Amino acid sequence: MPEPTPVLPEVLAQIRSVPVTEKPLIICDVDEVILHMTTHLEDYLNARDLVFLKYEYRLTGNIGGKSDRNPIGSDDVRRHLLTFFDEISHRQDMVPGADRALGALSDNWDIVLLTNLPGGHNKPVREKLLAGKGIPYPVLTNSGPKGGAVAALAAGRPGPVVFIDDSPTNHVSVSASLPASVQIQFIADDRFRQSVEKESHIDLLTGDWQETAAFISDILQGP
Ligand SMILES: [Mg+2]
């Protein structure tokens with residue numbers, strides 16, 4: 001089990017701007033959960049004669065040439081990701097049903113979007129895109145594992161807290177920092193979701209917003 005990670009000062013400053021209420025809280029990731037990312041990244045890579053070597057949750061070592069299948073180095077991966085985000089952030093497609101599901105849940109839940117963007121890169125673009133799609137919730141940018149930020153967001157609230165994210169790393173981190181949270185691993189892409197094993201700290205593994213909304217609604221139904 002990893003140690004809980006501390007929340008970064010720049011993330012804590014953003015968290016302090018979110019009002020603390022008595023409502024239960026949903027903390028939701030953006031890429032591959034609310035907005036498609038894998039399919040866009042695949043298009044970007046294909047246009048450069050690159051491919052995912054496996055449908056596996058890893059970027060470094062998992063992107064290579066279409067014909068030689070040689071993995072490109074970590075610096076190249078980082079460079080491509082920054083270029084990719086610059087090209088795509090303003091036009092990523094929404095995962096079907098995300099707007100309606102979150103809209104219905106927002107009657108009873110506070111909703112905060114917690115997204116990893118290098119250095120808060122493209123945050124205004126992302127906020128504008130989401131708001132334009134009917135997803136007007138506060139956007140907080142983080143970097144690295146999300147456990148510390150999730151625990152800080154949950155502090156002083158009565159609970160329950162639901163955490164929705166595609167990344168196995170983030171779920172391990174949240175499980176260490178806030179084990180009481182309800183953890184939903186949402187992966188929009190079928191191929192990547194099917195490559196993931198449901199771990200014991202995951203309450204629901206899904207790629208479907210209707211199922212997610214029903215699962216979360218049930219949490220508030222007492223026995
Ligand atoms: Mg994500």
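Please read all numbers here as calculations on a predicted model, not as lab measurements.
- At least one donor-acceptor pair under 3.5 Å links the side chain of N62 to the backbone N or O of E56.
- Remark: aromatic rings of F84 and H40 are distant, center separation not under 6.0 Å.
- Two residues are said to be in side-chain contact when any heavy atoms from C-beta on lie closer than 4.5 Å; V51 and I63 fail this criterion.
- Counting heavy atoms from C-beta outward, L41 and L59 have side chains that approach closer than 4.5 Å.
- Counting non-hydrogen atoms of neighbouring residues, nucleotides and ligands closer than 6.0 angstrom, the NZ atom of K23 exceeds 12 such neighbours.
- Of the options L129, D93, V95, a side-chain contact (heavy atoms from CB on, under 4.5 Å) to L35 is made by L129 and by none of the others.
- D31 approaches R126 most closely through the heavy-atom pair OD1-NH2, 2.8 Å.
- Contact detail for C28 and I34: the closest heavy-atom pair is SG-CD1, 3.8 Å.
- When all heavy atoms are compared, the tightest approach of A213 to A101 is CB-CB, 3.9 Å.
- Remark: K133 does not engage D99 in a salt bridge, criterion side-chain N to carboxylate O under 4.0 Å.
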- Q183 vs H171, side-chain contact (heavy atoms from CB on, under 4.5 Å): CA-CA, chis, key distance, verdict: CA-CA 7 Å; Q183 297 189 229; H171 275 292; 3.0 Å; yes

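- The two residues L53 and R69 make their nearest non-hydrogen contact at O-NH2, 2.9 Å.
- Considering only heavy atoms from C-beta on, H80 comes within 4.5 Å of I72 through its side chain.
- Within the 4.5 Å cutoff, the side chain of Y137 has heavy atoms near those of the L102 side chain.
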Below 3.5 Å, can you tabulate the donor-acceptor pairs from side chains in residues 159-168 to any protein atom, sequence neighbours excluded?
{"unit_1": "D165", "atom_1": "OD1", "unit_2": "S167", "atom_2": "N", "d": "2.8"}
{"unit_1": "D165", "atom_1": "OD1", "unit_2": "N170", "atom_2": "ND2", "d": "3.4"}
{"unit_1": "D165", "atom_1": "OD2", "unit_2": "K146", "atom_2": "NZ", "d": "2.8"}
{"unit_1": "D165", "atom_1": "OD2", "unit_2": "N170", "atom_2": "ND2", "d": "3.4"}
{"unit_1": "D166", "atom_1": "OD2", "unit_2": "Y57", "atom_2": "OH", "d": "2.7"}
{"unit_1": "S167", "atom_1": "OG", "unit_2": "T169", "atom_2": "N", "d": "3.2"}
{"unit_1": "S167", "atom_1": "OG", "unit_2": "N170", "atom_2": "N", "d": "3.0"}

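- With hydrogens and angles ignored, the 3.5 Å screen pairs no side-chain donor or acceptor of Q185 with any backbone N or O of L205.
- Annotation for N46 and K66: closest pair O-NZ, 3.3 Å, computed over non-hydrogen atoms.
- A donor-acceptor contact closer than 3.5 angstrom is absent between the side chains of Q210 and R100.
- Side-chain contact between L25 and L153: present, with at least one pair of heavy atoms (C-beta onward) separated by less than 4.5 Å.
- With sequence neighbours excluded, no residue forms a salt bridge (charged side-chain N to carboxylate O under 4.0 Å, His left out) with E211.
- Between the side chains of K123 and Q14, at least one donor N or O sits under 3.5 Å from an acceptor N or O.
- Between E42 and R191 there is a salt bridge, since at least one side-chain N of the basic residue sits less than 4.0 Å from a carboxylate O of the acidic one.
- Annotation: K128, atom NZ; neighbour count of heavy atoms from other residues, nucleotides and ligands within 6.0 Å does not exceed 12.
- Residues V33 and W209 share a closest heavy-atom pair of O-NE1, 2.9 Å.
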- Task: Please step through side-chain contact (heavy atoms from CB on, under 4.5 Å) for the pair Q194 and I187, ending with a clear verdict.
- Result: CA-CA 9 Å; Q194 281 153 15; I187 304 177; over 6 Å; no

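- Looking at S195, its side chain does come within 3.5 Å of a backbone N or O of Y55 through a donor-acceptor pair.
- For the residue pair N116/S143, the side-chain donor-acceptor check at 3.5 Å is not satisfied.
- I219 is listed as a side-chain neighbour of W109, based on a closest heavy-atom distance under 4.5 Å.
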- Please test V7 against I15 for side-chain contact (heavy atoms from CB on, under 4.5 Å), starting from the C-alpha separation and ending with a verdict. CA-CA 10 Å; V7 58; I15 289 172; 4.1 Å; yes

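- Not counting sequence neighbours, the partners of E87 by the salt bridge (charged side-chain N to carboxylate O under 4.0 Å, His left out) test are R48.
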